[in-house]
Each structure stands twice: as structure tokens, then as C-alpha cells.
Amino acid sequence: ACGLAYWLAGMSVFDAVGHAFSTVAIGGFSTHDASMGHFNSPLIDMIAVVFMFLAAVNFSLHFVAFRHRSVKGYWQDSEFKFYVLILSIVILITVLGLYFTETYDTWQDALINGLFQAVSIGTTAGFTTAEFYNWPGFIAILLLFTSFVGGCAGSTGGGIKVIRLLLLVKQGLREITRLVHPSAQIPVRIGDKTVSSRVVEAVWGFFSVYIIVFGVMLVAMMATGLDQVTAFSAVAATLNNLG
């Protein structure tokens, strides 16, 4: 479906097949040095956005939706809703930032480029249509931080995974509440299911190791002579499987 959409939008058969595999696998590889920017087509960019978004969703949700011919399951899934919330916030900040800093002169250019790069980097695909590293610094760093979240569990996306971040947020909120009510028994829930303490501890352990490895590799890269921004982006791309 992705390859057919690309072909109908103007790609050659070879480009359509190559980019379809890369998009659904969230690999970020392209048959051209300029990546998606080579085609200079807003239609192709938006097709890529749709399929990158879908590829970073838990594939079991796609299966259930296909099996039951209903999309209701998506909105009953806490991870999916959190994933949509994060991407929506990042897209909004990116588009508004690009327009109000006059990086682009029109809303349309800011919307298309901001939407594409936010989804591409947020899902860890890594396709590019613009030199986003030349955008205002806070946007480039925001996009790199978003890549740490990555896709949902059971998806082709990289990063820490949305479900782990959701558990970290819920656990953090629980601990803040317990500062006010020390004796309260507050379970961590995902949807209507209670998450065991062992799972939460495992997530914290994973997160801790992730950050420690990132810090060690960042210092190691800077020791080779790279500046802080270059080292940060290189290590982030490597750890998060950012294409």
C-alpha cells in the first residue's frame, strides 16, 4: 500500500519500492542522497508522514483493527493515545517555531516541513526534506529529544519506546502523590490493568542504563574532538536507531 501510494504520487517503481520498505521498516534509507527532499513533493512527504506514523504504532493494534474492521481499539490503548499526544505537541511547537522565527515565509512551508521532520525524527525514521540542523537550535534539540521516545512497543520504531516513557511518567506522578500522602496505596495502571512493581523497576533499570550509556558515549565522542552538539546528535542517533 505504501509503495503503491508513492508510485501514484510520482515516484518511479524502483524509488517507490525502495522507499516503501524503508518507510515501513523506519529505516530512513533513501535511493537518493537528498533523501525525500529529492522529490520536492508535498504529496510524497505527506504519504511518508502517514506511513511513518502507522509504522511506529504497535502492530498488534493494526492486526486487531484489521481483524475486527474497527479502529476503536486504537483509542482504547493508553500507549497509542500517549504516542499521539507527544507527536502532536512536538509538531505544534515545531511548526509554530519555524513560522514565528521566520525560518519559512509561509504557513504552508512551515507546516509541511515541520510536520514531516517532527514525525520522521520522532518515529526514528530519519528521512529529511530540509537541513533541519540549520533551524533554530531549540527545534533541532527538541526533535533529537523526541527521538529518545521513539515508537510504540511492537512497532518498527527505535528509541526507549512510548510504553516505557508512559510508565516512567505514571511512576513519577505516583511518587509525587506519595510525598503528600505517604501511607496511600497507589497502583500504577495502564488502561484498566495494574502494572506490577517488578515491571516498573525493570523499566527504571532500563532507563538508568540507557542514560548512563548515553553519558559515557557522549563524553567519549567529545574526547575525539567533536563539539558537544555533534557528539550529542551522533550518540542519540546511534542509541535510538535514528535513521
Side-chain angles (χ1 to χ4, degrees), residues 21-37 52 55-56 79 82-83 86-87 89-91 93-94 97-98 101 103 113-114 116-172 175 198-243:
F21 278 120
S22 188
T23 301
V24 175
I26 303 188
F29 297 105
S30 176
T31 55
H32 299 277
D33 290 341
S35 191
M36 284 292 186
M52 286 187 293
E79 183 186 25
F82 193 52
Y83 165 67
I86 292 172
L87 270 188
I89 292 173
V90 172
I91 290 169
I93 294 174
T94 303
L98 289 176
T101 58
T103 304
N113 286 281
F116 182 89
Q117 291 301 156
V119 174
S120 177
I121 297 177
T123 60
T124 70
F127 286 125
T128 58
T129 57
E131 297 176 341
F132 70 90
Y133 44 82
N134 289 327
W135 288 356
F138 81 95
I139 295 179
I141 294 299
L142 172 65
L143 294 180
L144 284 174
F145 274 133
T146 308
S147 73
F148 279 89
V149 180
C152 300
S155 74
T156 57
I160 294 173
K161 301 294 188 184
V162 176
I163 188 64
R164 290 195 180 101
L165 180 63
L166 179 58
L167 282 171
L168 291 174
V169 171
K170 286 181 174 289
Q171 168 69 359
E175 293 306 315
R198 292 192 64 181
V199 172
V200 175
E201 290 168 3
V203 170
W204 272 110
F206 175 87
F207 180 73
S208 299
V209 172
Y210 208 92
I211 297 303
I212 290 171
V213 171
F214 178 84
V216 171
M217 293 305 298
L218 176 62
V219 173
M221 292 291 282
M222 292 178 65
T224 66
L226 293 178
D227 62 90
Q228 184 176 355
V229 175
T230 302
F232 180 92
S233 59
V235 176
T238 303
L239 280 183
N240 299 327
N241 283 334
L242 174 59

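These numbers come from a predicted model, not from an experiment. In this chain, residues are counted from 1 in sequence order.
- For Ser35, the side-chain contact (heavy atoms from CB on, under 4.5 Å) partners at least two apart in sequence or on another chain are Ser30, Phe127, Thr128.
- With Thr101 contributing its side chain and Gly97 its backbone, the two residues share a donor-acceptor pair below 3.5 Å.
- Pairing each heavy atom of Val119 with each of Met52, the nearest pair is CG1-CB, 4.1 Å.
- Rounded to the nearest 0.5 Å, atoms CD1 (Ile163) and OG (Ser155) are 11.5 Å apart.
- Closest approach of Thr103 to Pro136, counting heavy atoms only: OG1-CD, 3.4 Å.
- Considering every non-hydrogen atom in both Asn113 and Ala130, the closest pair reads OD1-CB, 3.8 Å.
- Listed by chain and number, the residues in a side-chain contact (heavy atoms from CB on, under 4.5 Å) with Ala56 are Ile26, Tyr83, Thr123 (sequence neighbours excluded).
- Judged as a side-chain hydrogen bond (donor to acceptor under 3.5 Å, both in side chains), and not counting sequence neighbours, Asp33 has no contacts.
- The local environment of CZ in Phe206 is crowded, with over 12 non-hydrogen atoms from other residues, nucleotides or ligands closer than 6.0 Å.
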Enumerate, atom names and distances included, each donor-acceptor pair closer than 3.5 Å involving a side-chain atom of residues 231-243, sequence neighbours excluded.
{"from": "Ser233", "atom 1": "OG", "to": "Val229", "atom 2": "O", "distance (Å)": "3.1"}
{"from": "Ser233", "atom 1": "OG", "to": "Thr230", "atom 2": "O", "distance (Å)": "2.9"}
{"from": "Thr238", "atom 1": "OG1", "to": "Ala234", "atom 2": "O", "distance (Å)": "2.8"}
{"from": "Asn240", "atom 1": "OD1", "to": "Tyr210", "atom 2": "OH", "distance (Å)": "2.5"}
{"from": "Asn240", "atom 1": "ND2", "to": "Ser147", "atom 2": "OG", "distance (Å)": "3.2"}
{"from": "Asn240", "atom 1": "ND2", "to": "Ala236", "atom 2": "O", "distance (Å)": "3.0"}

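- Between the CG atom in Leu143 and the CH2 atom in Trp135 there is a gap of 6.5 Å [rounded to 0.5 Å].
- Checking each of Ile91, Thr129, Ile139 against Gln117 for a side-chain contact (heavy atoms from CB on, under 4.5 Å) leaves exactly one that passes, namely Thr129.
- Taking every heavy atom of both residues into account, Ser22 and Gly28 meet most closely at OG-N, 3.1 Å.
- By the side-chain hydrogen bond (donor to acceptor under 3.5 Å, both in side chains) test, Thr94 pairs with no residue at all, sequence neighbours left out.
- Among residue pairs with one or both ends in residues 156-169, none qualify as side-chain hydrogen bond (donor to acceptor under 3.5 Å, both in side chains); sequence neighbours excluded.
- In this structure, Leu142 CG and Phe145 CZ are separated by 9.0 Å, a value rounded to the nearest 0.5 Å.
- A donor-acceptor contact shorter than 3.5 Å is absent between the side chain of Gln171 and the backbone of Val200.
- Environment of CZ in Phe214: crowded, with over 12 heavy atoms of neighbouring residues, nucleotides or ligands closer than 6.0 Å.
- Every residue two or more places apart in sequence or in another chain that forms a side-chain hydrogen bond (donor to acceptor under 3.5 Å, both in side chains) with Glu131 is listed here: Asn134.
- Considering only residues two or more places apart in sequence or on other chains, Glu175 meets the salt bridge (charged side-chain N to carboxylate O under 4.0 Å, His left out) condition with Arg178.
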Output a table of donor-acceptor pairs, distance under 3.5 Å, between side-chain atoms of residues 216-224 and any protein atom two or more places apart or on a different chain; print 'none' if there are none.
{"from": "Thr224", "atom 1": "OG1", "to": "Met221", "atom 2": "O", "distance (Å)": "2.4"}

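- Other residues, nucleotides and ligands contribute more than 12 heavy atoms inside 6.0 Å of the CZ atom of Phe138.
- Of the inter-residue distances, the one linking Ile160 atom CD1 with Leu167 atom CG reads 12.0 Å to the nearest 0.5 angstrom.
- Taking the side-chain contact (heavy atoms from CB on, under 4.5 Å) definition, one finds that Ala25 meets it with nothing, sequence neighbours left out.
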